Amino acid sequence: MISATDLSPAELAALLHFHADAGVEWLLEEEAIDRFAEFEAMKAARRPAAAQAQQQRPTAGEHPAPGQAQVRPNAAARPAPAERAASGPQPAIPDGEAVQQARFVAETARSLVELKTAIEAFNSCNLKHSARSTIFASGDAESGIMVIGSAPSAEDDREGMPFSGKSGQLFDKMLAAIGLKRSAILLTQVIPWRPPGNRAPSAAEMDICRPFIERQIALAEPKAILLLGNFSARFFFGENDTIHGLRGRWKEIAVADCVIPAIASLHPQDLLTAPVNKRLAWNDLLAFQAKLKSLSLLRN
């Protein structure tokens, strides 16, 4: 094993970037720790306090002696409110209550600026606690053109903007090929926070993020949408087919009171992995370009 003391500052920085891109969220101790034994020791330490509390608890029909405080079960083990607050926010697992909170936050936002602020302040999704950045819509919200990716990559999370790095460079070339640039469209992601290790978002995480992306669409009111990637296409079309089965066909997305035509295509990262599919993506881009021209959103 290589020790950090044997690395130069540049080598150490490169190693840390590699681990971050691989989804490493925690560093290990130099010596192994038996967490099972540690947990058993914690339980053993709590038993005397629990037994004492049980002994002090009045039985049915018995009242505590004058001047004797009534002991609540587990009161000694429960931290005080000030201690709980000092420990900082804990990662939250999305549940029904968190989904309702996300819906309320999204529905009360009256502009994209308000929605961005609300999402950045939202702490009831565990994805936010492992991500560096909150990725929100960027570009021209008045263009009538919206492109939606799947979830932030490691580069997106590091840069704080969607479609960064090599896939972003390819994406810019794809837009330029049909007469567009990212500053002239509205660009966003289905999930605002990068899942650790680029894993697929869980069903609960998808439910909690749905109000945010749907509200972005409702506020922007695009006339046409391009969905990039397998996850994005499945999320909006409600189908389980692969991107090869979902791409290239116009469908309608219903959001709030709007029904918007949308077409799916391969994500730029898919094209970097399998360049042979660029021909398929080019056909999808041409179909998207034709739709924009028919809607007078793109000059001939």
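Start at 1 with the first residue, then count along the sequence. Since this is a predicted model, take the numbers as computed values, not measurements.
No donor-acceptor distance shorter than 3.5 angstrom exists from the side chain of Glu252 to the backbone of Ile260, with no hydrogens or angles considered. With hydrogens and angles ignored, the 3.5 Å screen pairs a side-chain donor or acceptor of Ser133 with a backbone N or O of Asp157. Distance alone, capped at 3.5 Å, is enough to place a donor-acceptor pair between the Arg234 side chain and the Asp241 backbone. Here the side chain of Asn230 pairs a donor or acceptor atom with the backbone of Ile243 at under 3.5 angstrom. No donor-acceptor pair closer than 3.5 Å links the side chain of Glu205 to the backbone N or O of Pro201. The backbone N or O of Leu266 lies less than 3.5 Å from no partner atom in the side chain of His244, so there is not a single donor-acceptor pair.
Here the straight-line distance linking atom CZ of Arg158 with atom OG of Ser164 works out to 9.0 Å at 0.5 Å rounding.
Residues Leu219 and Phe104 do not share a hydrophobic cluster, defined by chaining ILVMFWY side chains whose heavy atoms lie under 4.5 Å apart. With hydrophobic clusters built from ILVMFWY side chains whose heavy atoms lie under 4.5 angstrom apart, Leu298 shares a cluster with Leu228. Under a hydrophobic-cluster definition in which Ile, Leu, Val, Met, Phe, Trp and Tyr are linked whenever side-chain heavy atoms come within less than 4.5 Å, directly or via other members, Leu170 and Leu187 are assigned to the same cluster.
Within the 4.5 Å cutoff, side-chain heavy atoms of Leu292 are placed close to those of Leu180. No side-chain heavy atom of Phe288 sits under 4.5 Å from any side-chain heavy atom of Ile225. Ile119 has its side chain within reach of Trp193: a pair of non-hydrogen atoms, C-beta onward, lies under 4.5 Å apart. Counting heavy atoms from C-beta outward, Phe122 and Gln101 have side chains that approach closer than 4.5 Å. A 4.5 Å side-chain heavy-atom check between Ile217 and Ile148 finds at least one atom pair inside the cut-off. In this structure the side chain of Leu112 never reaches within 4.5 angstrom of the side chain of Lys116, judged on heavy atoms. Proximity of Met161 to Ser138: side-chain heavy atoms (C-beta onward) are nowhere separated by under 4.5 Å.
With hydrogens and angles left out, the side-chain atoms of Thr273 and Asp270 include no donor and acceptor closer than 3.5 Å.
The ring pair (Phe, Tyr, Trp, His ring centres under 6.0 Å) check on Phe171 picks up Phe163, with sequence neighbours excluded.
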